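A short worksheet on the structure shown next.
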Amino acid sequence: MTVAKERVQEIVKEFGGSEANSGSSDVQVALLTERINSLTGHMKENTKDYSSRRGLLQLVGRRRRLLDYLRREDPERYRSLIAKLGIRK
């Protein structure tokens, strides 16, 4: 489940400010969220795909660590990012 290059460029531009800023925490969280959402759809159809389930859990853990870092370093940016992505209820 990969994300199309065009979609990656859109996400980088939207959350990074420019196309060159692909390494910021905001961009990484947004890209992980995109991958998690696409993999979640796959898991709904293929409930016994345990390899993909493990990969999904790893992605969620990586996103969680990045969000924890953001919350520690810049709480306002953290709140705006989760609101934009609609991650928290």
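These numbers come from a predicted model, not from an experiment. Just so you know, residue 1 is the first one in the sequence shown, and it goes up from there.
The CD1 atom of Ile87 lies 7.5 Å from the CD1 atom of Ile36; values are rounded to the nearest 0.5 Å. With values rounded to the nearest 0.5 angstrom, Thr47 atom OG1 is found 10.0 Å from His42 atom NE2. Rounding to the nearest 0.5 Å gives a distance of 12.5 Å between OG of Ser51 and CG of Leu56. Leu67 contributes atom CG, which lies 6.5 Å from atom CG of Leu81 (distance to the nearest 0.5 angstrom).
Partners of Lys84 according to the side-chain hydrogen bond (donor to acceptor under 3.5 Å, both in side chains) rule, which considers only residues two or more places apart in sequence or in another chain, do not exist here. With sequence neighbours left out, the side-chain contact (heavy atoms from CB on, under 4.5 Å) criterion links Arg71 to Arg64, Asp68, Tyr78. Applying the side-chain contact (heavy atoms from CB on, under 4.5 Å) test to Glu76 and every residue at least two apart in sequence or in another chain returns Asp74, Arg79. With sequence neighbours excluded, the residues that form a side-chain hydrogen bond (donor to acceptor under 3.5 Å, both in side chains) with Glu10 are Arg7.
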Let me check something: any side-chain donor-acceptor pairs from residues 24-33 under 3.5 Å, sequence neighbours excluded? List them with distances.
| residue | atom | partner | partner atom | Å |
| --- | --- | --- | --- | --- |
| Ser24 | OG | Val27 | N | 3.4 |
| Asp26 | OD1 | Arg77 | NE | 3.2 |
| Asp26 | OD2 | Arg77 | NE | 3.4 |
| Gln28 | NE2 | Gly23 | O | 2.6 |
| Thr33 | OG1 | Val29 | O | 2.8 |
| Thr33 | OG1 | Arg63 | NH1 | 3.2 |

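Applying the salt bridge (charged side-chain N to carboxylate O under 4.0 Å, His left out) test to residues at least two apart or on different chains, none of the pairs has a partner in residues 41-56.
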